[in-house]
**Student:** 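Pasting a structure here, questions to come.
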Amino acid sequence: MKRTERVNNILKNFDKKSYRKDLIHWFKEEQRILPWRENQDPYRVWVSEIMLQQTRVDTVIPYFNHFMDKFPTPDALAQADEQEVLKAWEGLGYYSRARNLQNAVREVVSEYDGVVPADPEELGSLKGVGPYTRGAILSIAYDIPDPAVDGNVMRVLSRILRVEDDISKQSARKLFEELVKELISEEDPSSFNQGLMELGALVCTPKTPSCMLCPVQEHCRAFDEGVETELPVKASKKKQKKSPYLLLLVQNEKGEVLIEQRPDTGLLASLWQYPMVPLEDVGQEAVENWFYGEYGLKVKVGESVKRIKHVFSHLIWEMEVIKVTVKEGTLDHERATFIAPENMEDFPFPVSHQKAHPYINR
DNA sequence: AAGACGGGGAG
DNA sequence: CTCCCAGTCTT
């Protein structure tokens, strides 16, 4: 069956007008007060939507407030140093979001005179602005009807309309976008899209939805048939690969600590860390030799002070934190440097390595 | 289409 | 501990 045909089929016998009205009314009454809802400034909406990708509201709030203080306008962000932006993003995760956002804001400043484009093509072509974020900015900042389908929306609509497609598939997202195009309010697309997401966050939650409090319960096919907790359908993810490392706390005779900047692409790009020995390639007994080859320093491996397990979405680092002292030699490494412990806070560190901070001698 | 890309909260 | 959450880019 073609997608448009399916959309028509699914929406047959569904009271769109009444559903829209109930959803929007509820959103206007019950929406949370959030910093990015203070006004419709497209730049604020944009920053908030990028931060909210894969990240819960409570986590984002302090980051958003600090970010807007530090980079209040597209100009301010465009002119900032990338390390400064990463520092403001430190701990939020998915750091390419920060890099892409600054890249895109620089394009807005140079190509669009600093005005976030309201044209779907132009907006969607900016780095880091995918189908969801494009729809969110268009509807919330510019009152333009465009679907903003995130995980909340797929969960809510899969239940309301009893759609059993696997939401981890790209085809499911496209189906929900087509459905939203038919359902969305032309008068108030902002409240419609936000209402859908707010409902997913506050009422139509993943594990135990509060159907008794739901403002659109009478429209919900899953509730009607008692299958709300079976939806949405999602394929289970496979488990992460474990990688063992030694994390080296190297301090010289002045008490300075050795840190290095990660590569500019890939995992935790451009963030800083303590040297890590990949135990899959280097044997325990060969560490001092390996270290001399990599950093040009003769060192003495000391005591083990902590085990850190850090889980990413696709892999697991199992790190043993080891204290190391420098015996002799000169540091010879492109991206590594010794710094005083009190200056550590100037550098963006991933949370995995922040866990080792307390073990620095100071 | 599948994998890379973080971190936090609930139970 | 284990499980759950989930947009965009790259390959």
Side-chain angles (χ1 to χ4, degrees), chain A residues 45-63 86-104 123-138 146-158 165-174 176-177 180 193 196-197 200-202 204-209 229-243 262-273 307-319 348-355:
Chain A
V45 172
W46 184 8
V47 170
S48 72
E49 289 300 339
I50 299 298
M51 286 188 172
L52 287 164
Q53 289 169 12
Q54 325 299 98
T55 313
R56 38 179 22 94
V57 164
D58 289 343
T59 303
V60 167
I61 290 173
Y63 282 92
L86 283 174
K87 186 65 193 176
W89 211 270
E90 182 186 54
L92 205 48
Y94 288 113
Y95 299 93
S96 66
R97 292 183 296 174
R99 180 189 305 270
N100 288 338
L101 175 62
Q102 190 184 28
N103 178 312
L123 185 58
S125 74
L126 296 171
K127 266 274 187 282
V129 180
Y132 163 75
T133 306
R134 189 194 69 182
I137 295 172
L138 288 176
D146 198 50
V149 174
D150 69 351
N152 286 309
V153 172
M154 289 197 282
R155 182 172 61 255
V156 170
L157 287 182
S158 71
D165 295 35
D166 178 355
I167 64 164
S168 63
K169 301 285 190 202
Q170 206 173 45
S171 57
R173 201 206 75 230
K174 288 177 184 278
F176 286 113
E177 283 174 354
V180 170
N193 276 347
L196 229 32
M197 294 187 271
L202 299 182
C204 196
T205 51
K207 304 287 272 292
T208 50
T229 55
E230 319 289 311
L231 292 167
V233 173
K234 188 168 42 153
S236 57
K237 34 77 176 107
K238 51 182 131 182
K239 65 169 194 238
Q240 306 96 324
K241 178 190 189 302
K242 289 181 182 171
S243 302
R262 293 182 58 85
D264 294 325
T265 57
L267 184 65
L268 304 169
S270 305
L271 271 68
W272 291 75
Q273 66 174 20
R307 288 189 62 85
I308 295 173
K309 179 179 174 184
H310 193 83
V311 180
F312 298 91
S313 44
H314 60 302
L315 60 91
I316 298 173
W317 279 354
E318 294 181 318
M319 302 186 294
F349 276 77
V351 169
S352 48
H353 280 245
Q354 289 175 26
K355 293 173 184 170

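Just so we're clear, the structure is a prediction, and the values are computed from it rather than from any experiment. Here is how names work: the chains are called A, B, and so on, in the same order as the sequence lines, proteins then strands, and each is numbered from 1.
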**Student:** Could you give the CG-to-P distance, from A:D150 to C:dG7, as a whole number of Å?
**Tutor:** 4 Å

**Student:** State, yes or no, whether a side-chain contact exists between A:H310 and A:V351 at a heavy-atom distance under 4.5 Å.
**Tutor:** yes

**Student:** Please state the P separation for the pair B:dC5 and C:dC5 - nearest whole angstrom.
**Tutor:** 23 Å

**Student:** Please write out the pairs of protein N or O atoms and N or O atoms of nucleotides 1-4 of chain C separated by less than 3.5 Å, giving the distance to one decimal.
**Tutor:**
none

**Student:** Roughly, in whole Å, what's the span from CD1 in A:I167 to C1' in C:dA6?
**Tutor:** 8 Å

**Student:** Regarding A:R134 and A:D146, does a basic nitrogen lie under 4.0 Å from an acidic carboxylate oxygen?
**Tutor:** yes

**Student:** How many angstroms lie between atom CD of A:Q273 and atom OG of A:S352, to the nearest 0.5 angstrom?
**Tutor:** 7.5 Å

**Student:** Provide, to the nearest angstrom, the distance between the CD atom belonging to A:Q170 and the C1' atom belonging to C:dT10.
**Tutor:** 13 Å

**Student:** Are the aromatic rings of A:F312 and A:W317 close, with centres under 6.0 Å apart?
**Tutor:** yes

**Student:** CE of A:M51 to OH of A:Y63: how many Å apart, nearest 0.5 Å?
**Tutor:** 9.0 Å

**Student:** Please tell me which of A:S352 and A:S171 maps to the more 5' nucleotide of DNA chain B, matching each residue to the nucleotide holding its nearest heavy atom.
**Tutor:** A:S171

**Student:** Under 4.0 angstrom, heavy atoms only, what part of the nucleic acid is A:S313 near: base, sugar-phosphate, or nothing?
**Tutor:** base

**Student:** Under 4.0 Å between a Lys/Arg side-chain N and an Asp/Glu carboxylate O for A:K87 and A:E90?
**Tutor:** yes

**Student:** Round to the nearest Å and state the distance from A:L101 atom CG to C:dC9 atom P.
**Tutor:** 12 Å

**Student:** Reading DNA chain B 5' to 3', which nucleotide is the first, and which the last, to come under 4.0 Å of any heavy atom in chain A?
**Tutor:** B:dA2 to B:dG9

**Student:** With nearest nucleotide decided by heavy atoms, which residue, A:T208 or A:L271, maps closer to the 5′ end of DNA chain B?
**Tutor:** A:L271

**Student:** Determine the Euclidean distance between corresponding P atoms of C:dT11 and B:dG6; express it in Å to zero decimal places.
**Tutor:** 15 Å

**Student:** Report yes if a side-chain nitrogen or oxygen of A:R155 is closer than 4.0 Å to either non-bridging phosphate oxygen (OP1 or OP2) of C:dA6; otherwise report no.
**Tutor:** yes

**Student:** Nearest whole Å is fine: how far is C:dC9 P from A:K127 NZ?
**Tutor:** 7 Å

**Student:** Can you measure A:K174 atom NZ to C:dT8 atom C1' for me and round it to whole angstrom units?
**Tutor:** 14 Å

**Student:** Would you measure the distance from the C1' atom in C:dC9 across to the matching atom in B:dG8 and give it in whole Å?
**Tutor:** 23 Å

**Student:** Is A:S168 touching bases, backbone alone, or none of the nucleic acid, heavy atoms closer than 4.0 Å?
**Tutor:** nothing

**Student:** Roughly, in whole Å, what's the span from CG in A:L126 to C1' in C:dG7?
**Tutor:** 16 Å

**Student:** Assess, by modelled atom type and distance only, whether the side chains of A:S243 and A:E318 contain a donor and an acceptor separated by less than 3.5 Å.
**Tutor:** no

**Student:** Decide yes or no for A:K242 and A:L315: does some side-chain heavy atom of the first lie under 4.5 Å from some side-chain heavy atom of the second?
**Tutor:** no

**Student:** For the residue pair A:R155 and A:N152, confirm or rule out a side-chain donor-acceptor distance under 3.5 Å.
**Tutor:** yes

**Student:** Measuring from A:Y94:OH to A:I50:CD1, what's the distance to the nearest 0.5 Å?
**Tutor:** 14.0 Å

**Student:** Does the side chain of A:N152 get closer than 4.0 angstrom to OP1 or OP2 of C:dA6 through an N or O atom?
**Tutor:** yes

**Student:** Remember a base hit wins even if backbone is also touched, and classify A:I50 as base, sugar-phosphate or nothing at under 4.0 Å, heavy atoms.
**Tutor:** nothing

**Student:** Heavy atoms under 4.0 Å, any strand shown: does A:Y94 hit a base, just sugar-phosphate, or nothing?
**Tutor:** base

**Student:** Please report, rounded to the nearest Å, how far the P atom of C:dA6 is from the CG atom of A:D166.
**Tutor:** 14 Å

